[in-house]
Amino acid sequence: MTHPLLDQVKASCPDLPDHLLNNLFITAQSIYLSRSCNLARAKDFVPQVIGSAAAAKSRPQANYTRLIRTVKSAVSEEFYDQVQRALHHFRLAMINCFSKRAIRRAKQLVLDGTSWGCRDGQVHLMTLALVVDGVAVPIASIDLAKKGHSSQQERAALLARAAEQYDLAGMTLLADREYIGQEWFATLAEYEINFVIRLKAGIYHQAINESRGKNCQGMCAKLRRCKKKARISKPIQLGGKSFYYVVVRNPKADHPDEDEFVFLLTSLRRADQAHKQYSVRWSIEVTFGHLKTNGFDLEAMRVEGTAKRELLLQLVSLAYIWMCAQGLKFYRKYPTSRQTKWDGKRQVRTLVHSIFRQGMSWVIIQLAKPAALLRKVANKIDRIHNIPWAHV
């Protein structure tokens, strides 16, 4: 039996069968309550999510079968496109939990991956996130199912997937040292995306040294001499395109695994903005940490197949967005609760209770009610047309 509220979200996915849509919400909320992507654990919460007398009498094996069949159907050739369209709209509905001002000002993308071993090989979820109010919101992901770095072609495929659902023109991509390559830079230019990408020491040194101004060693030497100078930059030519090469003091230089300086390549017109923007890249590391260790035990998933793993990441991302938005609202309403501590490893002050954990404390209470996720999406889905950078 489907929930009456289903009709309110049905307009975003009219071709999706009611039973599959209903079961997607049940699967997602069961995962949230179990705080695990292991469906064998999530099955124990299915009766609570459904909230009926008949569900309370259902056998655990029947609940587990329901979850497995839902995931399998959602990635099937018959329903895959409809499910992806529906999840896109549900993600936008959750993004509407952030303030209107934060949504309008979202102009930064972060690219990174998280990987671990599994029983059928390797999981490598390369993820593109949009930073909204300081929170890296996953908007597209591909499971590369391999060890090592992604190829430029794989990154282009991920960007193409995201561009189908979002207007990325004018945004700035932030990425770490492995996300380089002239073909990749050209792809970003095609989508009119600026970038700030960290480089390894010595990468593109020939192009840098041939460009007008000091060479790599000279730039580093100048920073060592001028203690008050925070950064130094110069324009360079790479593959016929103009970029800025920026050298910045590394605040973690004392760490044995870190370089003395941070080397950045950017397509921004103002080189002095590169380091400030690049510091936002850490937000995706925070997201991965919450989705894995602190939140939903992403690494505990036992489903086989790249499409199924991508689906589970999409489902837990809905709750992550909701919880972060709620945490931000809490701290704005009760600013005196915003206690901080010193993080010696990162050399920064951080919250004692993170935005995510603070929001989770509230949202988990709401999720204890039957069909709570469905209610939240139904309440927000009418406003998704107001998001300026989303294709609806």
Side-chain angles (χ1 to χ4, degrees), residues 24 27-28 30-43 64 67-77 79-80 83-84 87-88 90-91 109-130 135-162 165 173-179 184 281-321 323-324 356:
L24 273 174
T27 301
S30 299
I31 289 172
Y32 306 159
L33 288 172
S34 68
R35 293 182 58 186
S36 174
C37 287
N38 189 324
L39 299 182
R41 300 176 191 171
K43 74 178 189 306
Y64 181 67
L67 300 185
I68 291 293
R69 286 178 176 173
T70 299
V71 172
K72 185 177 180 179
S73 296
V75 301
S76 67
E77 186 176 348
F79 299 121
Y80 181 80
V83 169
Q84 289 301 307
L87 289 175
H88 171 53
F90 300 161
R91 187 186 306 117
L109 300 166
V110 190
L111 177 65
D112 206 352
T114 182
S115 61
W116 63 91
C118 62
R119 60 184 178 183
D120 64 331
Q122 185 77 15
V123 179
H124 183 166
L125 287 167
M126 181 172 61
T127 303
L128 183 68
L130 178 67
V135 177
V137 175
I139 60 172
S141 62
I142 292 179
D143 181 12
L144 303 180
K146 68 176 186 179
K147 292 183 179 180
H149 301 326
S150 60
S151 68
Q152 297 183 68
Q153 293 74 25
E154 288 167 336
R155 289 174 229 151
L158 176 64
L159 204 59
R161 181 180 293 188
Q165 299 178 334
L173 179 85
L174 314 171
D176 210 353
R177 288 165 280 199
E178 62 266 33
Y179 298 101
W184 170 236
R281 193 206 69 83
W282 186 257
S283 60
I284 197 168
E285 303 285 1
V286 174
T287 294
F288 286 146
H290 289 320
L291 293 180
K292 294 162 69 175
T293 309
N294 302 330
F296 305 105
D297 201 7
L298 196 63
E299 294 182 2
M301 66 170 72
R302 295 293 181 266
V303 293
E304 297 181 356
T306 59
K308 293 178 182 178
R309 294 193 282 257
E310 291 167 10
L311 174 69
L312 290 188
L313 175 60
Q314 289 176 299
L315 292 180
V316 297
S317 294
L318 297 179
Y320 178 71
I321 299 167
M323 291 170 181
C324 287
F356 167 73

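Treat the numbers as computed from the prediction; the structure is a model and nothing was measured.
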Interatomic spacing from [atom1] in [X] to [atom2] in [Y] - rounded to 0.5 Å:
X: Arg69; Y: Thr27; atom1: CZ; atom2: OG1; answer: 12.5 Å
X: Leu144; Y: Thr306; atom1: CG; atom2: OG1; answer: 9.5 Å
X: Leu111; Y: Ile284; atom1: CG; atom2: CD1; answer: 7.0 Å
X: Leu158; Y: Thr127; atom1: CG; atom2: OG1; answer: 7.5 Å
X: Leu109; Y: Ile139; atom1: CG; atom2: CD1; answer: 5.5 Å
X: Trp184; Y: Leu159; atom1: CH2; atom2: CG; answer: 4.5 Å

*asked:* Ignoring hydrogens and geometry beyond distance, is a side-chain donor-acceptor pair present between Gln84 and Gln314 at under 3.5 Å?
replied: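 Looking only at side-chain atoms, Gln314 and Gln84 do form a donor-acceptor pair, the distance falling under 3.5 Å.
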
Considering all heavy atoms, the nearest [X]-[Y] contact:
X: Tyr179; Y: Ser150; result: CE2-OG, 3.6 Å
X: Cys324; Y: Phe356; result: SG-CB, 4.0 Å
X: Arg91; Y: Gln165; result: NH1-OE1, 3.7 Å
X: Val123; Y: Cys118; result: CG2-SG, 3.7 Å
X: Val316; Y: Cys37; result: CG1-SG, 3.5 Å
X: Lys308; Y: Val71; result: CG-CG1, 3.7 Å

Pairing residues for Glu178 by the salt bridge (charged side-chain N to carboxylate O under 4.0 Å, His left out) criterion, not counting sequence neighbours =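 Partners of Glu178 by the salt bridge (charged side-chain N to carboxylate O under 4.0 Å, His left out) criterion come out as none, since no residue qualifies.
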
Among residues at least two apart in sequence or on other chains, which ones pass salt bridge (charged side-chain N to carboxylate O under 4.0 Å, His left out) with Arg155?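 Testing Arg155 for salt bridge (charged side-chain N to carboxylate O under 4.0 Å, His left out), a comparison that skips the adjacent residues, returns none.
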
Those residues that, when tested against His124, pass ring-ring contact (aromatic ring centres under 6.0 Å, His included) (two or more places apart):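 Once residues adjacent in sequence are excluded, His124 has no partner under the ring-ring contact (aromatic ring centres under 6.0 Å, His included) criterion.
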
Just to verify, what does Tyr32 make a ring-ring contact (aromatic ring centres under 6.0 Å, His included) with, not counting sequence neighbours?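 Tyr32: ring-ring contact (aromatic ring centres under 6.0 Å, His included) contacts with Phe296.
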
Item to check | Test side chain to side chain contact (heavy atoms under 4.5 Å, CB included) applied to Lys43 and Ile68, Leu67, Asn38, the passing residue | outcome: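 Among Ile68, Leu67, Asn38, the one meeting side chain to side chain contact (heavy atoms under 4.5 Å, CB included) with Lys43 is Leu67.
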
Check whether any side-chain heavy atom of [X] lies under 4.5 Å from a side-chain heavy atom of [Y], and answer yes or no.
X: Trp116; Y: Leu298; value: yes
X: Leu125; Y: Ser115; value: no
X: Trp282; Y: Val110; value: no

Assess the residue pair Lys146 and Gln122 against the criterion (side chain to side chain contact (heavy atoms under 4.5 Å, CB included)); give the C-alpha distance rounded to whole Å, side-chain angles, the decisive distance to 0.1 Å, and a yes or no.
CA-CA 5 Å; Lys146 68 176 186 179; Gln122 185 77 15; 5.6 Å; no

* Does the distance from a Lys or Arg side-chain N to an Asp or Glu carboxylate O, for Arg119 and Glu304, drop under 4.0 Å? ->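 Counted as a salt bridge, because a side-chain N and a carboxylate O are separated by less than 4.0 Å.
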
Can Arg41 and Asp297 be counted as an ion pair, charged N to O under 4.0 angstrom?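 Salt bridge present between Arg41 and Asp297.
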
Within the distance-only criterion (no hydrogens, no angle test), does the side chain of [X] pair as donor or acceptor with the backbone N or O of [Y] below 3.5 angstrom?
X: Arg161; Y: Ser141; answer: yes
X: Lys292; Y: Gly289; answer: no
X: Arg309; Y: Ala307; answer: no
X: Glu310; Y: Asp143; answer: yes
X: Glu154; Y: Ser151; answer: yes
X: Ser34; Y: Ile31; answer: yes

*asked:* Which residues pass the side-chain hydrogen bond (donor to acceptor under 3.5 Å, both in side chains) test with Gln152, not counting sequence neighbours?
replied: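 For Gln152 there are no side-chain hydrogen bond (donor to acceptor under 3.5 Å, both in side chains) partners, ignoring immediate neighbours.
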
Sequence-distant partners of Asp176, side-chain hydrogen bond (donor to acceptor under 3.5 Å, both in side chains), two or more places apart
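Expected list: Tyr278.
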
Audit row: Leu128, Leu173, side chain to side chain contact (heavy atoms under 4.5 Å, CB included) steps and yes/no: CA-CA 9 Å; Leu128 183 68; Leu173 179 85; 3.7 Å; yes

Practice task
Let me see the working for Tyr80 and Val83 under side chain to side chain contact (heavy atoms under 4.5 Å, CB included), right down to the final yes or no.
Solution key: CA-CA 5 Å; Tyr80 181 80; Val83 169; 5.9 Å; no

